[in-house]
Every structure is written in C-alpha cells, then in structure tokens.
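The structure appears right after this line, and notes come after that.
Chain identifiers are assigned alphabetically (A, B, ...) following the order of the sequence lines, protein sequences preceding nucleic acid strands; residue numbering begins at 1 within each chain.
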Amino acid sequence: MPKDFGIGAPQKRREDIRFLTGRGVYTDDLKIAGQTYAVFCRSQVAHGRIVSIDTTATAAMPGVLAVFTGEDFKDVGGNPAGWLIKSRNGEPMREPKRPVLAHGKVRHVGDAYAAVIAETYQQAKDAAEQLAADTVIDELPAIVDMAAAVADASNRVHDEIPDNLCFDWGWIEDNRAKVEEVFKTAPHVTTLELVNNRLVPNAMEPRASIGEYFPGTGDYKLTTTSQNPHLTRLLVAAFVLGIPENKLTVVAPDVGGGFGSKIYHYGEEALVLAAAKKLGRPVRWTAERTESFLSDAHGRDHVTKIELACDKQGNFLAFRTETLANVGAYLSNFSTATPTFLHGTLMAGPYKVPAVYVNVKTVFTNTAPVDAYRGAGRPEATFSLERVIDKMCRELNLDPFEVRRKNFITTDMFPYTTPVGLVYDTGNYQATLDKAIEVGDVKGFEARRAESAKRGKLRGLGLSTWIEACGIAPSHLVGVLGSRVGLYDAATVRVNATGNISVMVGAHSHGQGHETVFAQIVADKLGIPEASVEIVHGDTSKIPFGMGSYGSRSLAVCGVAMTKAVDKIVAKGKKIAAHMLEASEADISFENGKFSVAGTDKAKTFGEIAFSAYVPHNYPLETLEPGLEETAFYDPNNFTYPAGAYLCEVEVDPDTGKVQVCSFTCADDFGNIMNPMVVEGQVHGGVGQGIGQALCENTHYDENGQLVTGSYMDYAMPRASDVPFYTVDYSCQTPCTHNPLGVKGCGEAGAIGSPPAVVNAVIDALHRGGIKVSHIDMPVSPARVWSAIQNA
Amino acid sequence: MYAFDFVRPKTVADAVKALQAEDAQALGGGQTLIPTLKQRLAQPSVLVSLTGIDEMKGVCRDGDVLVIGGGTLHATVAREARAHYPALAALAGNIGDPAVRNRGTIGGSLANNDPSACYPSAALASGATIVTNSRKIAADDYFQGMFTTALEPGEIITSVRLPIPQKAAYVKFEQPASRFALVGVFVAKYAGGVRVAVTGASNNGVFRWTEAEAALSANFSAGAVKGLKATAADLIADLHGTAAYRAHLIGVLTARAVAAAG
Amino acid sequence: MPKVTMRVNGRAVSGEVEGRTLLVQFLREGQGLTGTHVGCDTSQCGACTVHVNGAQVKSCTVFALDVDGAEVTTIEGMANPDGTLGRIQQAFQDHHGLQCGFCTPGMVMAAAALLAENPKPTEAEVRHHLEGNICRCTGYHNIVKAVLAASGQDVSAIAAE
C-alpha cells in the first residue's frame, strides 16, 4: 500500500486548484495602476554596426513616454558570466560586456538595441516600428558556423576577441597524455562525429517583467518570470544597475515553466526597472513568442568528435572528446559552466573507464546566447557516450546490454572516483538495467518486431544507461571550479502561535509542485496535518536568500535546508517542553506531533508548545528566546548522482522515414522518493523533451544568421500524438549518502537519458532492416532518415 | 496589428459592397489572416468578416455534386460531408486542429491558396467549380500558383461545387512543426478518369500529377504508380525536406491514397 | 469605438473594443479573466482555448467583434456551481495532468470539447484531439490519462501510477 500521508505519499497537488480554475497569477496577469508598456527594437540582422538611432520622431508619437537606447546604459554594468573558466594554457576566458541594450554593435537577430515606453501596448508597438525605421545599422558578415568562426580571425563577434574563442578547456589536462597513450595501443577504437542539436527551451509562458519604483522610499520592485528571484536580484541590482540589493524586491509569482531559460537575468528586467524609475510609473513587458525564440537563452549546440578505445571484448579503456560548444553572441550567466563542468565531468558515465580526456572550445557566434537547458551539459555527455558505445557494439558485434553491464562501476566500488573529477557516492547501475529489461519486456521485443514487420515497419530497440551529477551544488567544489556564486539553499520554518506553519523557501516552483511536496515533508517530520503547512516561495521580501531551482536541486538542497530548519524547531520545542513538563531536556522525545517525557505519560502537543512560544507565560525566558521560527542554510558536500537505464522502441516507416516512438521505459534510481506521483511527472516531462530533441526540435540559423525556425510553424514541438505512454520505474533506490533525506533529484533525468535511447533505437531498426546506417544527427526527422536510407 | 475597421455584414451583397472600400480585406475564419495581421504583414483599412453570412454556410447535395457554402467551417464539412463524400470529410476533419476547424472555412482556405493547405488538393482533384459572387471558375483555372488564384479583388467565394467521385482518398504527410502538408495527395476516381492533385510540394502551389492520372485511369491500383516520378513540378526544398524527398513522398502517398480509396 | 456584447460564463458582458481587439484581449484585459493564456503568436500553442457557442476556438485567433452576441466559456466557468472542481478539472488533479499550469486552461477546454462530442474517446483520439495544444512540462502522459479518466474509462492499466 502506498502511504497516504507525508513523505512518500502520492499526494495530489494543492497548487492545481488555482491552475485548474484559472486563478493562477502569472506575471502578465497582473494589472498595476498607472502601468505603461515597453516594446523592444530588436535587430533584424545577425551582425551589424549601429550607425545612428534617431529618436526624434518616435519620441513625439502619441502616448510615447520614453525612448531608451544602448547609449543610456553605457555607464552601467554588464550582465555577468557566473562562472570563470580557464583555458588549457591557464588564461582566463574572454568575457565581453553584455549590455542592457546593444551598444555599438548588434550581435544576433533579436538583439535588443532600443526600447520604447508608451501609455498603451499598441502605441509602444507603433513607436518601436518608427524607431526601427529611423535606425541605421550597417550589416556585417554573420558568423554562424563554429568551425568557420574559429578559423577566420578577420570577422569577429566582439572586436576585441580575435578568434571568436571564449576558451579552450581541457579536462583533465593532466590526463591528456595518458589518454593519448591508451589510444595508441588500444585493440579497437570507435570514432563518432555528432551534433547535439540546439534547442529553444519554449517554456509555455513567455518571459515577462514588470518594473516598479516607489519614490517615497527609493524602493524598486521587479516582478518577473524567474526560477531564482534572489539570484536575479543579485545580478540586476548589484552587477547591472548598481541598486543596493535591499532596495529591490524581486517577485517571481506563478511561473509557467522554465527548463533553465528563466534562471538567467535578461536585459529586459534591467530596462523595466530603469524605465520605471525614470517615469515614476510601472513599466511592463511581455515577450511575444517570436521574441522568446529570438532572445531566450537556447540550449545544447555542441559539435563533438568522440573516440572510444576498448579491447575486442568491449571493455572500455578510454574516452576522448573534442567539442565545439556554441555560446552565441554573449555569455549568458551559466553558459560557460554548461559545456565544461556540467559536461566534461560526466564523461565517464556510470562506467569504470580508466582514462578520459575532454576538450571543449567554446565559440562566440552571431546567434542567441546558449545556456543551460534541462539537463545542461549532461545530456550532451550522455548522448556522446551512449551513441559511441552503441556504435562500438555494432562494429565488434557485441551485445549492447552486456557491454554496458561489464563496464559498470559495481556496487562494491563506491565511493568511486572517476577520472574526470567526481566522486560518485552510491548507485546500483546493474539493478536499474535489470529493471529496465524486465519492465520494458525486452524478451518480447522479437515478437513485437515481427508484428511491426508485417505492417511494413522496421522496429528497433535502443538502450541508454546514464548518470548525472545534480543537486547543484557543493559551493566548495564549484568555487574551485570557477563558480562566482555559492550554490547552497535556505529555508525558514515559521511556526505560528496557533500551530500552523509558514515555510519560506529559496527554491522556486514553476511546475515542480513544491507547495505540495515540501509541505508533505514538513508535516511528516512534525507529525502534523499537511494542510497546516504553507510553502512560501518566489518573493525576496519574504524568503531567505536562496538560490532557486535548476539542476535538480530543489529537494536535494533546499529541501534539506528545510528539514534542518525543522530539526531546529524540534530541538527548541524540546527545550520548551522540558520547561513546561518540568523534566530534563534529555528526557524529552518528539514523535507523532507530541513532546513527551520518557517513561511517563506526560506530554505536550506540538500546538501547545507553539502557543507557549508566542504566549510565554510559563516559559524559560532567562535561557530561551520566545518565538518558534528557525532558518537553516544548507550547502551539500557533494553532488547527487541519480542514474538509470532507458529503453526506447521505435517503428521506422522505410518509405517515408517517419519514426514513431512505440514505447519508452525508464528505470531510474533517484534515491528516496518524497511523492511518487510528482516524480513520475518529472520523468515524463523530461522524456517528452528528450524525444523532442531526438526526433523533431531543430534550431536552424541560416548562413546569414537568420533564425529559420523562429516560430511553431517551423520549430517542431512534440505534440500529444508524437509520444506514447511512458513506463516509469523508480523502485531501485540507493539513497544519497550525504543528505539526510537520501534524495537525489529527478527533474532532469528524463531529458538526459532519453535522446540516445531514441537514436539508438532508430539505428537499430534500420540495421535490423538491413540498412547499414551508423549515425543520423538529431533531430532524426523523416527527411533525414529517408536520406540516410538512400545513402546507405 | 495595425488598426482597422471591422464590419460583419449579413449578406453577400453587403459584403461585396463593403469590400469595395480601398484596402478592404475579406476575413473568413481568420486562422491564417489573423496571425499574418499580428506580424504586421498586412495593413487593411477595413476587415470584412464573412462569418455572419448565413447564405454562405452549409453542405448540401445537388445530384452527383456536393455543394459547400464558402463560409462553411472545416468541422461542419467533416461532419456533414461524411455520408456523401467521405474522403473530403476526412480531409476536413484533419486540417490543423479542432480549434482551427471550428473557425476555418473552405472559402477562406481556397481564397488563400496556401501551397501547403489541404483543401486545394480536394478541389483540384475533384474538378470542383469555385462559385463566387460574380461567376463560376473551374478548379483547373482557379489555382494560379502559390497564394495566387483567379479571384479578383473583392470577389468572394460563395460556394464550392465538388463532383462526387466513385472512389477517393486523401493522404497527408505532415510537416513536423506546422502540421500543414509537407506533401498531401488527393486521388479521385471518376467515370471519366482519375484525377490526382498534390499539395505541399510545389513552389507553384497545388498541381495535378498527370502522369499518375494516366496510369491510374488505365489501372486503378497502387502498383500502377510504382516507379513513376513526379519530376515536372517545381518542387519546394526547405528545412523539412529536399525536392527529392518531396518527389519521393508524392509517389508513396499517391500509392497509399489509391490503396485507401479501395 | 464599437461595442461588443457577449455572455461569458453565463454572465452578460459588454465593452468597447477596437476592430483589432482579439477575444483573448477582451477576456483578459477587459473582463479580468486571466485564466485564458497567450503562449504564442502563430495560433498553435492552444493555451488560449475557450469555447464559443460550445465549440473550442483559439481566442487569440478570433476578433472580439466577430463573436458579438456569442456564448463564451472560459476556464473560469468550468468549476461546479458550488465552486468545486468540475469533472475534467478533477481528473487533471487526480492524475497529475498539469505541472506549471500555463497550458492547462487550454487543455481542459480542449478536453471538454472532445468529451462533449465523443464521450468515450480512445487514447489515439485523445492525442489527435490535442493536436493544437502544446504542453512543455508533462510529456502529455498524464494529460491523456486524465482525459481518459474524465471520460469514465478505467486508466489503472496505464503505465506508471
């Protein structure tokens, strides 16, 4: 029987009530007295020099209140990179300034170079059109292709960066020579060149921001679509506008999905704040979907050559990769961490491979900035590994299941230090593989394949075994690795006088269900009804300074901070109870919501203790402060390492090249599970996005830097009919050893493990149909499959 | 969107009159026009909505001809044509998505003549007659290239007359993003011969694949088009498929349409 | 400015609009019914789906003046008269058919239209009907399951719950 209360119960989500009745409040739903509208002028060309912007006519148009250009922000700070990477030669990465509005040059289609504020949206739109007409931009040749960008020093995204290279990173540089030796003598080497396709995150709620300024106090307020309001506050206040942090409140209300794209601070947020101050009125902006395509931080976009050295039995000897990673035109906040420490450190996978070397060259291009998108670096690592392993199995005629099994790190090897710098604390990769084989009914595959064949379809089975480092992250580690921020989190548990509880958390829920699941945990720990616990998030004026939600960290970092705060509450409660019950504190135990004296029937309920804390008539005031509110900050001492095995079955129509996913099976190890329903939902969503990456999502810039796939007319989002019901199993559980909840995080797993399973399945289907295709780049579209068949 | 006036006449006559205003534009279901207006790619002075004209709505049978009012919704055709012309009903029931089908109209689709729209293939394969407020136009004369038709400015499609075939089927291969036809093939067999119309594939819009028509008129079986190559047309090449891929799909889908027609 | 009148969730409403005012703008800005969302500008995401005279439409692709006199239902009109969740809404909660909630109103309205014309749809019919509604969070699994459950069909055999 599943639990019906607290930790582990499949509790329905309380937040659903407002979302299902239309009462959610997203940023664009807010209406603020006196509000004005911002519309941005965005570059139509990928690369150009701004010659002149004549604001005269625009400023005189009806309703226009203000016009801003890059000139207005040239003396404020830039939007910073959050992670300093050093090149192999020891030089720090190149960090061009990322201004609020483009100044001097525009560097990608959609780069905002001006903004107009008007009384109405239509007036602002009309005015922005006029301003665009009164702007002269000299178009320069666009730099789109990464290899060409590095090769041609004459054409530069940033004039001061000669080779368009941000950095040339080796991981681990000391392994380089050793790996080279292994490759020289290896009995077999498999090489694969592949593309990890650029994706547009496409949270369904477009970005939106409202800036307010209160002249009476000098306070600012930014309501914005953010996954991490404190981080946004730090960036926009301290780094860009120079506002003291304590004069700015950032509120991220209901947020309609993020997937990474709403981690970052964007220039629009600074603009609405600056404009609100100038006008003394609220200034709002909501992206049109087209603007989202052009200006949200994109994801992935790696071109990789991976080599696998092994013996003839498929025992791995070494991996080596060379990657060109696109950062786009500017460094978005975590764009330098994604292709490096979130990618290179995972390049051993769940395998006991003795030697690994990763080289990543990160390149500026005239395209939108690229940053972390669900999985962030780890999907790229997993895809490279799992594809090259599959290719090797085919070359050596080895069973892909057995090859993975024999290379797995075994349970007796933990904690296991990989050759790429991580220490896996625990896991059981054999168990998840066995489970996937069982629930995915691998035995029945041949019968299903025969049935597909009768209908003229080629059926294939694809496997991927994956691991990720998440629960981001230990500050002491990321600090060594170049992070400029700490990655702890924080929670405050406020027990109110009548015993109900407000929990203020640094994590932000934009779909994950924290309001329900965090309440389950607190209620479980305190033995009180879940309904009496309220989770507060998303408002810097209410919550402690936390770092928000991304990197599958909400539970593993903030959830742990919350339980530590609860522990402090219990500890203080025991002191109060000891006083009230006239017993020694050591004799007080707390269970099921009651403080009792060991060996007696003397007890006080949690509610009685709470009341006493706020009405301290009978209270040890000389030794204990009144009140019952505790805050805890938690910084983990390691990443968490969820892992699993994914199976995908596809049918390929050999006449059209169309791939249909018939089934998808996930066997994951997430450690302990707080709410199985929510965990399943997270995996479903990740797998859906992974299938999208594998089969249909294609972000295509043409040679002029125009985004050809800039709307849903050309960017193929997965729809309901593109995906099957998924089978999700999480019964293999090796609890995380270094956090008290034993949780690992599940938000990104699906997006990390699924793309290679899908592509492996397609290649398998083709091979079983006698079509010897070794690789098809994602998205594996019908046209690409057909073309691969023609060329086979 | 730019600002414009909006009128919603009740009769064809009033609509025709309203469309005489300079830069007036007719609005059918708006499922293509409204997104275009949002992008500020059109700037009409007045939009003349045709949604209030009851005389342009409905599906009825006139002997061997199915007559569909120009303002009839895709959803209505999907329901009401089923008994008379199932292939057409199936086509209508598969355009866009349910919301699009509840606003989009046959007249709007044919007037727009998107090279990837479904309806043009049905009209052309059926040898339909496009009836406007002022004349009747044979389908073979009506489609004049991508987004181009025989309609004069201000002319309104009041109905479409589609001869009902003995057998017919439409098979669409969807462009993965827009779900418009990457290629769509409508095959219709009449006593006088077979007509095959292809949408989605050509830079000149919907076209008849005459080689396939000849082969299928002689032998109405999927095998009859095997090996035939649709090479004459100026085929579209884009991110979603090369010209060669589209040419290949035309053959595959034609064979499938013949098989589906039975 | 022209005036438009309609019944929204059973209540007669009217307001002055421009020719270019979309139904979704009339609902969100004019009537404060912000449950209907705008997720794209090419009429594809379906977050703005409402019912006009019982038929599902994308309110971002309909002019307010074009539905003058119509009966409009939005997500705010889908709860039971006593304020509890309606059948479809309840099924979405029961089966975790939503995460961030942004596409949800459109999904519920689309599902309601489907079940009105097809009370016992198959899985394939549900997926086909949701062609015009994009969700980025759920991978659709629990949405499809919720719609099937709302139709009264047994969904216990569907993987993973």
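- The cationic atom of A:Arg289 (NZ for Lys, CZ for Arg) does not lie both less than 6.0 Å from the six-membered ring centre of A:Tyr712 and within 45° of the ring axis.
- Ring centers of A:Phe40 and A:Trp285: under 6.0 Å apart, within the cut-off.
- Of the two parts of B:Arg179, only the side chain, counted from C-beta on, holds a non-hydrogen atom closer than 4.5 Å to a non-hydrogen atom of chain A.
- Contact tally against chain A (heavy-atom pairs below 4.5 Å) for B:His248, B:Arg256, B:Gln175, B:His240: the top residue is B:His248.
- B:Asp238 has its side chain within reach of B:Arg246: a pair of non-hydrogen atoms, C-beta onward, lies under 4.5 Å apart.
- Ion pair A:Arg459/A:Glu651 flagged as a salt bridge, since at least one NZ, NE, NH1 or NH2 atom sits closer than 4.0 Å to an Asp/Glu carboxylate oxygen.
- In this structure, A:Arg198 does not pair ionically with A:Glu697, as no charged nitrogen and carboxylate oxygen lie closer than 4.0 Å.
- Only the side chain of B:Phe173 comes within contact range of chain A, judged by heavy atoms closer than 4.5 Å.
- Both the backbone and the side chain of A:Pro782 have a heavy atom closer than 4.5 Å to some heavy atom of chain B.
- The residues B:Asp97 and A:Arg719 are annotated as not salt-bridged, no charged nitrogen and carboxylate oxygen being separated by less than 4.0 angstrom.
- Contact of A:Ser787 with chain B is not made at all, since no heavy-atom distance falls under 4.5 Å.
- Proximity to chain A involves both the backbone and the side chain of B:Ala244, based on heavy atoms less than 4.5 angstrom apart.
- Of the possible donor and acceptor atoms, one in the side chain of B:Glu213 sits under 3.5 Å from a partner among the backbone N and O of B:Val196.
- Among A:Met717, A:His700, A:Glu129, A:Lys658, the residue making the largest number of heavy-atom pairs under 4.5 Å with chain B is A:Glu129.
- By number of non-hydrogen pairs under 4.5 angstrom with chain A, the leading residue of B:Leu239, B:Val252, B:Leu249 is B:Leu239.
- In this pair, B:Tyr119 and B:His74 present their aromatic rings tilted. The plane angle is within the 30 to 60° band.
- Contact count versus chain B (heavy atoms, under 4.5 Å) is highest, among A:Ala716, A:Gly657, A:Cys696, for A:Ala716.
- At a 4.5 Å heavy-atom cutoff, A:Ser781 makes no contact with chain B through either its backbone or its side chain.
- Neither the backbone nor the side chain of A:Arg784 comes within contact range of chain B, judged by heavy atoms closer than 4.5 Å.
- Only the side chain of A:Asp722 comes within contact range of chain B, judged by heavy atoms closer than 4.5 Å.
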